[in-house]
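Take a look at the structure below.
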Amino acid sequence: MGLTAEGYVVDVAGNGVDGLWKATENAYDVIVLDVMLPGLDGYQVATRLREAGRWTPILMLTAMDDDLDHAEGLDSGADDYLPKPFSYPVLLAHLRSLTRRTLGARPRCCPRRPGAGSGRPHRHPGRGPLDLTSREAAVLEYLLRRKGHVVSKTELLEHCWDVNFDGEPAVAEVLMHRLRRKIERPGRPPAIQTVRGQGYIIRDEA
């Protein structure tokens with residue numbers, strides 16, 4: 001609930017078997033993995049994911065704060081390790097750190113995950129703050145991360161809406177219309193272009 005409120009799209013698995021299946025079948029930006037899971041523990045899940053060639057960043061959570069436990073978590077394939085108890089802001093900071101490592105430098109207009117932290121407004125280079133909703137910011141950030149590639153409506157819905165969303169794809173069109181009105185600059189080519197029948201793209205030269 002907390003991560004959803006921060007603008008993340010979250011899938012939850014209550015045991016290691018379901019978690020391994022979800023992480024194998026879906027593309028995630030980051031995985032938060034508890035060590036003490038029924039079925040398969042966190043170490044086993046991380047090991048099997050790496051053996052299967054799945055390199056999604058893993059943040060491992062555990063109540064065991066021994067150095068050997070820490071080492072085992074990292075050796076099993078985790079990228080980061082957070083002992084319990086921890087504060088929620090620290091968890092968010094670890095998640096931002098992991099996504100930065102994977103995605104490289106963040107676009108200047110999206111310095112933080114949509115909705116994260118203090119809720120500072122997003123900025124557009126050469127302009128003032130953009131008054132974006134968390135969903136608009138999530139869509140813009142995803143398009144920027146996929147810059148130069150066409151992103152379909154289905155892909156946007158999968159990555160920027162909740163997994164349980166069962167509405168019409170047209171909702172992405174409505175949001176895109178609002179987003180374009182906020183970021184377009186007079187006299188300049190549109191930043192977000194439509195590729196008919198395929199989706200949307202922010203080109204490399206934008």
Side-chain angles (χ1 to χ4, degrees), residues 1-107 110-122 132-135 137-139 141-142 144-145 157-165:
M1 291 175 62
L3 292 176
T4 300
E6 292 291 335
Y8 288 88
V9 178
V10 180
D11 288 351
V12 178
N15 61 72
V17 175
D18 289 346
L20 178 62
W21 182 85
K22 285 178 178 287
T24 302
E25 295 297 318
N26 299 287
Y28 295 109
D29 294 328
V30 65
I31 295 170
V32 180
L33 181 60
D34 200 300
V35 170
M36 302 302 290
L37 289 173
L40 295 172
D41 64 31
Y43 300 135
Q44 293 172 304
V45 172
T47 298
R48 294 191 187 189
L49 285 174
R50 298 316 187 217
E51 289 175 347
R54 296 288 181 170
W55 300 107
T56 305
I58 295 174
L59 172 59
M60 190 165 282
L61 308 180
T62 178
M64 300 180 291
D65 195 19
D66 184 89
D67 287 345
L68 293 178
D69 295 316
H70 193 160
E72 184 175 359
L74 295 175
D75 287 342
S76 68
D79 299 89
D80 199 357
Y81 191 94
L82 188 58
K84 301 175 184 178
F86 51 81
S87 69
Y88 190 60
V90 170
L91 171 63
L92 293 176
H94 277 262
L95 292 178
R96 290 193 296 269
S97 175
L98 283 175
T99 54
R100 281 197 302 271
R101 294 179 207 174
T102 305
L103 302 172
R106 285 205 175 279
C110 297
R112 308 182 72 179
R113 183 75 179 185
S118 61
R120 296 171 185 169
H122 301 274
L132 302 182
T133 66
S134 61
R135 188 79 67 197
V139 168
E141 181 183 12
Y142 189 76
L144 285 166
R145 283 162 42 193
L157 291 173
E158 288 177 349
H159 286 267
C160 301
W161 273 260
D162 187 87
V163 67
N164 296 316
F165 176 78

Is it the case that the side chain of Asp18 and the backbone of Gly14 share a donor-acceptor pair, with hydrogens and angles ignored and the cut-off at 3.5 Å?
no
Using only atom types and a distance under 3.5 Å, with no angle test, would you say the side chain of Arg50 pairs donor to acceptor with the backbone of Arg54?
yes
Evaluate the side-chain contact (heavy atoms from CB on, under 4.5 Å) criterion for residues Asp75 and Thr47: first the C-alpha distance (whole Å), next the side-chain angles of each, then the deciding distance (0.1 Å), finally the verdict.
CA-CA 9 Å; Asp75 287 342; Thr47 298; over 6 Å; no
With Leu59 as partner, the option from Leu91, Asp79, Ile31 fulfilling side-chain contact (heavy atoms from CB on, under 4.5 Å) is Leu91
Taking Leu98 as the fixed residue, which of Val32, Asp80, Thr56 is the one that meets the side-chain contact (heavy atoms from CB on, under 4.5 Å) rule?
Asp80
Can Asp29 and Tyr8 be counted as having a side-chain donor-acceptor contact under 3.5 angstrom?
no
Could you grab the distance from atom [atom1] of [X] to atom [atom2] of [Y], nearest 0.5 Å is fine?
{"X": "Tyr81", "Y": "His94", "atom1": "OH", "atom2": "NE2", "result": "12.5 Å"}
{"X": "Leu82", "Y": "Thr62", "atom1": "CG", "atom2": "OG1", "result": "10.0 Å"}
{"X": "Glu141", "Y": "His159", "atom1": "CD", "atom2": "NE2", "result": "12.5 Å"}

Looking only at heavy atoms, which two atoms of Ala138 and Cys160 are closest? And how far apart?
O-SG, 3.7 Å
With sequence neighbours excluded, give me every side chain to side chain donor-acceptor pair (under 3.5 Å) pair touching residues 34-44.
Asp34-Lys84
Apply side-chain contact (heavy atoms from CB on, under 4.5 Å) to Tyr88 and Val90, showing your working.
CA-CA 5 Å; Tyr88 190 60; Val90 170; over 6 Å; no
Those residues that, when tested against Ala46, pass side chain to side chain contact (heavy atoms under 4.5 Å, CB included) (two or more places apart)
Leu33, Ile58, Met60, Ser76
Val12: which residues meet the side chain to side chain contact (heavy atoms under 4.5 Å, CB included) condition with it, sequence neighbours left out?
Val10
Take Leu3 and Leu92 through the side-chain contact (heavy atoms from CB on, under 4.5 Å) test and state the conclusion after the steps.
CA-CA 8 Å; Leu3 292 176; Leu92 293 176; 3.7 Å; yes
Is any side-chain heavy atom of Leu49 closer than 4.5 Å to a side-chain heavy atom of Thr24?
yes
